[in-house]
Amino acid sequence: MTGAGFDPRPIISRLRDGQGLDAGDAGRIAAGLADGSVTDAQAAAFAMAVLLRGLTTDQRVALTLALRDSGQVLRWDLPGPVLDKHSTGGIGDVTSLILAPLLAACGAYVPMISGRGLGHTGGTLDKLEAIPGWRATLSIAEFRDQVRKIGCAIVAASSELATADRRLYAIRDEAACVESIDLITASILSKKLAEGLDGLVLDVKSGSGAFLGGAEAATALATSLVTTAEAAGCPTTALVTDMDQPLARAAGNAVEVRAAIDCLRGEASALRDLTLALAAEALSLAGRPTAMAEVTAALDSGRAAEIFARMIAAQGGPADLLDVPDRHLAQAPVIRRVPAPAGGFVASIDTRALGHAALSLGAGRQRAGERIDHRTGLSALLRTGEAADCPLAMVHAASEAQAKRAITAVQAAYRLTPDAPQRQPLILDRIASAGMAAAAPPG
């Protein structure tokens with residue numbers, strides 16, 4: 001505890017002057033963020049000092065654990081491993097909706113704490129809130145009970161978990177410190193480690209639609225996350241994956257839920273391939289040598305779909321969503337084709353521009369707290385290497401004027417070429433905990 005007499009300025013000064021951050025100072029800063037004795041200005045100065053000076057691995061671990069321990073840390077007594085996944089965001093990334101019930105179908109337990117979208121990237125909670133009646137907020141007791149009974153739950157972060165990070169996360173944006181890999185690492189892992197995990201798989205995006213963008217930055221973040229999580233006692237593997245094109249053929253909320261349902265019902269897609277790869281990595285962390293065969297069987301047999309339906313119903317959604325999604329997922333009043341301006345093949349996609357096109361339709365928010373229109377977005381998006389002999393996409397809009405602007409934006413995001421280009425692999429790199437570094441990806 002800190003209290004009103006705590007003065008964080010000496011800690012900030014030492015960090016600013018390159019003297020680092022020890023575990024005791026990290027704990028005092030985290031406690032001060034949680035109880036309010038660190039002011040917003042001091043929190044911003046702390047974040048800027050971390051951004052400019054950086055942290056060593058030990059210091060990053062100390063900050064991560066201090067943020068984790070600023071709130072409640074869950075403990076489990078379950079007959080299977082407690083696993084989770086985190087993605088750094090992107091367009092059409094709806095893997096969480098499939099992966100949580102998929103791992104549960106394999107005997108794991110998934111207490112997934114997710115977030116909302118901001119800017120061009122979508123949020124898992126926003127997508128799920130396109131389902132009528134579904135609720136993101138559960139008490140800790142409700143959360144624990146659902147995970148125990150069903151095997152998985154996807155919920156909003158509680159103020160009781162990683163309390164200090166809630167303040168620091170909000171302040172980082174205003175202080176222009178979002179890009180700090182040290183702070184990103186500590187923020188992501190403090191919340192995930194508070195879930196009491198036995199293993200964690202990370203999906204770090206690289207490409208035009210990614211948060212960080214370049215491959216070098218994505219690999220640096222993936223390495224930071226894996227080494228920090230491992231040092232904190234959580235076996236972790238990261239996949240660096242392609243975000244130079246949307247993962248699912250949809251960008252929005254209701255349209256992405258429909259893409260997840262199609263995948264659960266057996267549709268072949270890049271979304272299916274990556275979800276299976278991530279799920280197999282997570283299950284491998286629990287010592288399951290036939291992980292890929294297990295997750296594939298769980299998806300193909302329909303067991304994952306059954307658990308998804310139970311999870312949605314347990315959190316207030318309709319019990320028959322999987323059977324009749326069109327009855328429950330609202331459709332936009334205006335749905336228009338995006339004609340290709342020329343023939344040929346898709347050479348490249350400005351994926352971030354597609355995200356902004358969906359945002360302009362009301363499918364996302366520019367600022368925290370803004371309302372979104374769950375009906376709107378993009379579907380049937382072409383991927384790189386595909387022939388442009390059909391629409392580039394379908395626009396789902398609230399008005400003709402919105403649809404017209406989005407059509408122009410989508411056309412501008414696609415670059416076409418007369419010859420079919422070579423397709424980029426879905427998984428670009430794999431970074432594992434030291435105990436799994438020599439292992440091949442499960443398959």
Using side-chain contact (heavy atoms from CB on, under 4.5 Å) as the criterion, list what pairs up with Ala357, not counting sequence neighbours.
Leu378, Ala409, Val410
Nearest heavy-atom pair of Ile154 and Trp134: which atoms, and what distance?
O-CZ2, 3.3 Å
Under a 4.5 Å cut-off applied to non-hydrogen side-chain atoms, are Met394 and Val255 in contact?
no
Does the distance from a Lys or Arg side-chain N to an Asp or Glu carboxylate O, for Arg383 and Glu386, drop under 4.0 Å?
no
Taking the side chain as everything from C-beta on, heavy atoms only, tell me whether Ile29 gets closer than 4.5 Å to Leu168.
no
Which heavy atom of Leu247 sits nearest a heavy atom of Ala270, and at what distance?
CD1-O, 3.8 Å
For Asp244, which residues count as a side-chain contact (heavy atoms from CB on, under 4.5 Å) partner, sequence neighbours excluded?
Ser208, Asp242, Gln424
May I ask you to check whether Thr185 and Ser224 show a side-chain donor-acceptor distance below 3.5 Å?
yes
Partner residues of Arg288 under the salt bridge (Lys or Arg N to Asp or Glu O under 4.0 Å) criterion, sequence neighbours left out:
Glu294
Pairs under 3.5 angstrom only: tabulate donor-acceptor contacts from the side chains of residues 317-324 to other protein residues two or more places apart or in another chain.
from   : atom 1 : to     : atom 2 : distance (Å)
Asp320 : OD1    : His328 : NE2    : 2.6
Asp320 : OD2    : Arg327 : NH1    : 3.2

Going by the rule side-chain contact (heavy atoms from CB on, under 4.5 Å), which residues pair with Ala162 if we only count those two or more places apart in sequence or in a different chain?
Asp165, Ser190, Lys191
Check the side chains of Ser87 and Lys205 for a donor-acceptor pair under 3.5 angstrom, ignoring hydrogens and angles.
no
Is a donor from one side chain sitting under 3.5 angstrom from an acceptor on the other, for Ser37 and Asp35?
yes
For Leu125 and Ser114, the nearest pair of non-hydrogen atoms, with its separation, is CD1-O, 3.4 Å
When you check the gap from the basic side-chain N to the acidic O, do Glu281 and Lys85 get nearer than 4.0 Å?
no
Sort and list the pairs that fulfil side-chain hydrogen bond (donor to acceptor under 3.5 Å, both in side chains) and have at least one residue in residues 64-78, not counting sequence neighbours.
none
Shortest non-hydrogen contact from Ala222 to Val240?
CB-CG2, 4.0 Å
Taking only residues two or more places apart in sequence or in another chain, which ones pass side-chain hydrogen bond (donor to acceptor under 3.5 Å, both in side chains) with Arg258?
Asp262, Asp326
Of all the heavy-atom pairs spanning Ser206 and Leu428, show the shortest one and how long it is.
CB-CD1, 4.0 Å
Using the test salt bridge (Lys or Arg N to Asp or Glu O under 4.0 Å), find all partners of Glu142 that sit at least two apart in sequence or belong to another chain.
Arg135
Can you check whether Leu97 reaches Thr124 side chain to side chain, under 4.5 Å on heavy atoms?
yes
Hydrogens and angles aside, do Thr384 and Gln245 bring a side-chain donor and acceptor to less than 3.5 Å of each other?
yes
In terms of side-chain heavy atoms, does Thr228 have a donor or acceptor partner in Arg60 at a distance below 3.5 Å?
yes
Show me the pairs that pass side-chain hydrogen bond (donor to acceptor under 3.5 Å, both in side chains) and involve residues 41-57, at least two apart or across chains.
Thr39-Gln42
Show every salt bridge (charged side-chain N to carboxylate O under 4.0 Å, His left out) that has at least one partner inside residues 298-318, sequence neighbours left out.
Arg272-Asp300
According to side-chain contact (heavy atoms from CB on, under 4.5 Å), who are the partners of Met48, at least two apart in sequence or on a separate chain?
Leu51, Leu52, Cys177
Could you tell me which residues satisfy salt bridge (Lys or Arg N to Asp or Glu O under 4.0 Å) with Asp273, sequence neighbours excluded, listed by chain and number?
none
